[in-house]
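Remarks on the structure that follows.
Each chain gets a letter, A, B and so on, in the order its sequence line appears, and its residues count up from 1. Given the structure is predicted, the values throughout are model-derived calculations rather than measurements. Values below: all heavy atoms of this structure, side chains included; hydrogens, waters and symmetry mates excluded.
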Amino acid sequence: MEIFETLNPPQLEAVKNTEGPLLVLAGAGSGKTRVITIRIAYLIAEKNIPPYNILAVTFTNKAAGEMRERVGALLENQKLQSAPLISTFHSLCVRILRADIEHLDEGFTKTFTIYDTDDTLKVLKACTKDLGLDEKQLTPRSVYAAISAAKNRGEDYEMYAARVESADEKRASIARIFRAYVERLENSNALDFDDLLIKTVRLLRKSEATREKYNNRYKYILVDEYQDTNSLQFALIKFLTEKQQNICVVGDDAQSIYGFRGADVQNILQFESHFPQAQVIMLEQNYRSTQTILDAADAIIKNNISRKEKKLWTKNSGGEKAFYFQAFDAEGEARFVASMIEKEQMSSAATKFAILYRTNSQSRQFEEALRRMRIDYNIVGGFSFYERAEVKDIIAYLKLALNPFDDIALLRVINTPSRGLGKTSLDELQFQARQSDASIWETIARILNDADSAVARLTSRARNALKDFREVIGQLHKKTAESSSLERPVSDVVVAAIELTGYANELRLENSDEANARLENLEELVNAAVEYDKSEGGLRDFIDHAALVSDTDKYDRNASVTMMTIHAAKGLEFPTVFLVGLEDGIFPHSRSVNDPKQLEEERRLAYVAITRAEKRLYLTHSMRRRIYGEEMAAEPSQFLNELPLELIEDLSQGPSWLSYAREGNSQLSRSAPEMRTPSIQTEKPRKLYTGKTYNNAEAIADFFKARGLNASKVNATEIPAENDFQESKTETAEEPERRPSSGWERLKAASSREKTPSHLEHKSENSDSIVPGVHVRHLKYGRGLVLRREGSGDNVKLTVSFPGFGQKKLIEKFANLERIT
DNA sequence: AAGTAAATTTTTTTT
DNA sequence: AAATTTACTT
């Protein structure tokens, strides 16, 4: 195959080294995907491995789809009997479980339902309520996080309870919810995302026959983005490679960005000890970016302590500097990005742009700005098609028809469209179901069959509604049965779920713009089903697909402008990248800054973002930003401070943070830290900052005024708590620190005094230093983050989030809070 | 029971 | 600021 000639020596090694365990450490832009796809093609075309013996695993459907496509293109001219399985971890597990879950003997059957995050949260909420626990403190999200973490550690609820026994009350409650949750899922024959992995691993551990089957089936296994695997995924791989060890994993520890989901970098770092015969190949030549971009990425990542030294290099020498822009507010930032895109589109229409942000909520401003300038864009993430209410409703009907024990699906649709079943009836139904430890579907049957209906206090109207409902689901069920034996196309059943249930009729009757839009979405769902009928999958696969596709899967590589989170951008590349919202608290995210481990993950995220760029990189941040509808001053991200100034070109209007940084650095090079004269006072890291320093009496008075205090009233202990004074007095004399520190706090105070609109000014005058965003210490709860401040004078109420205790509402006057940094 | 008004919460990142 | 949840009418 002439394609091999396009590979460099280590890439070629990685392709041809087909036997035994192989670790490919592939830096950003080093042609990783090419290597994997060509390797698969090589196995088939040159080594004559039957395609069905090959398994490639990815994390996202997007990656799997792309890989399928590229392998397909490489093997275009071959006549193949089968196709290699290229799948996500979760789809692979569904496939295995749909075949063999009954061997697990845990009561689950092949027709199990998959609960997505939404469904899971609903169950958790119901459990918490059921147990009479505090729903305010035990939010479904936090409980889910705890349970999911436990599951990913391999704990069931008993182990969790045992481990947590002597710990705080909250975790004891979580243990109870955990148990109730597991029971409910069992009753509903449902598995959540974690369960898909857990049950598969358990099944492989338990059943030798199953293990044997898949070991014989998949003789060559490839895993993409191996740095993102968690312990369960590792266990899965271990079982699947038990007999033969033709396992090739590809990844980059510097791009490990899913630690929050249990991913363990140790899997890739310890590969050689997990698979003792392993060979290791490093791909270090970057084909994507300019040297400047690589230098910028490297400047940031080298601040991480735990990392494997890697030296990416490129033949694409030089390149232009990274552009930098400081905006006054988020709208200004978006306007800047939009106008830069417009300008570049004028000169070369074909180029592609990505706007990358840390959180989905940042997309809005950019959407508006682009729309105003009539620039077409594509947005990945946020609301996905399958997350729309009407789509989920219809899917729920289908899920229910396939698995009547699925309480969550049932509750979703039992009164949609309205059948006259209100809260009272539904509460009664659920109560009855809990009493008899049965599913709601069974409970309905029992109530309707029981002539002596006094047990259930339901109105005759409600009973009739239930009868209708049962009838509808019954009919739908018949059709699904026909569909699974492939006598009836999937699209037929989908249409039935839309029409038979009266769902479409209700929307037609409403005849509003919104209702029509929904009807169109349902039309789209039918289209998707028609597409599906062309492939061999049945209704079941269609529904599974709907549960397992993520919003990142709708990336359109032909779009000129794509907006998405940095996470979603992993694996992609763009000629021009805008990395926006480079502000402290946004990126790195405020929930990560207190934990060095999480901060390092944020830094890797920055590394991923920057290395997406091929030719041109823009870095932007805003001086203020609205958070929860409240205008907040925002300081530049510490990551900006980690970039060498000579790599950056400032496009800001007027003086910017960067121009101050330049000034501050003009006398002393920050690349020469040894020139620093250490002394007790200056030992503490300090930051660069713009704006006023508090180095005279007037400025000090101003400072306190901004905080609503009189300088004379302030006692001695409060000043050091702020610790602004000594530092700022010596500011210009000292060498600037690489790692930014509290100087920015002063910029915030200064800039809010100078630039804050008057309504905000007023607010800050009446408050002291305990405002949203600061940290405080509480005698009992310890350190906490102030989220909200309400009221005035003696009635100031604060909402404070204390790690481990949740959110507390406190009266400032009595709470005895101390502000800390 | 259903619709409206008011109160409350929300934002990390994802299969 | 927006979306979701709860409280209050009819």
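A straight line from CD of Glu506(A) to P of dA2(B) spans 10 Å, rounded to a whole angstrom. If you take CD of Glu583(A) and P of dT12(B), they are 16 Å apart, rounded to a whole angstrom. Regarding Arg419(A), its CZ atom lies at a distance of 16 Å from the C1' atom of dA1(B), rounded to whole Å. The separation between Gln227(A) atom CD and dT13(B) atom P is 20 Å, rounded to whole Å. Note: OH (Tyr628(A)) to C1' (dT10(B)) measures 5 Å, nearest angstrom.
Ion pair Arg612(A)/Glu573(A) not flagged as a salt bridge, since none of the NZ, NE, NH1 or NH2 atoms sits closer than 4.0 Å to an Asp/Glu carboxylate oxygen.
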**Item:** ring pair (Phe, Tyr, Trp, His ring centres under 6.0 Å) between His567(A) and Phe260(A), intermediate numbers included
**Value:** CA-CA 12 Å; His567(A) 282 89; Phe260(A) 69 93; 5.8 Å; yes

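For the OP1/OP2 pair of dT15(B) and a distance below 4.0 Å, the side-chain nitrogens and oxygens of Asn230(A) include no atom meeting the criterion. Checking the phosphate oxygens (OP1, OP2) of dT12(B), no side-chain nitrogen or oxygen of Thr565(A) falls inside 4.0 Å. An OP1 or OP2 oxygen of dT12(B) is reached within less than 4.0 angstrom by a side-chain nitrogen or oxygen of His589(A). The phosphate of dA1(B) (OP1 or OP2) has a side-chain N or O of Ser425(A) nearer than 4.0 angstrom.
Taking 3.5 Å as the limit, the base of dT12(B) and the side chain of Arg591(A) contain no donor-acceptor pair of atoms between them.
Spacing of P atoms, dT4(C) relative to dT13(B), comes out at 15 Å, to the nearest Å.
Which of dA1(B), dT14(B), dA2(C) sits closest to the side chain of Arg364(A) comes down to dA2(C).
Proximity of a side-chain donor or acceptor of Thr562(A) to a complementary backbone N or O of Asn378(A) within less than 3.5 Å is not detected. Not one N or O on the side chain of Asn415(A) forms a donor-acceptor pair closer than 3.5 Å with the backbone of Ser418(A).
The ring of Phe260(A) lies on top of the base of dT13(B), close enough and flat enough: under 5.5 Å between centres, under 30° between planes.
Both Asp194(A) and Ile627(A) lie close to DNA chain B; mapped to their nearest nucleotides by heavy-atom distance, the more 5′-ward contact belongs to Ile627(A).
Using a 4.0 Å heavy-atom criterion, one finds that Ser91(A) contacts no nucleic acid atom at all.
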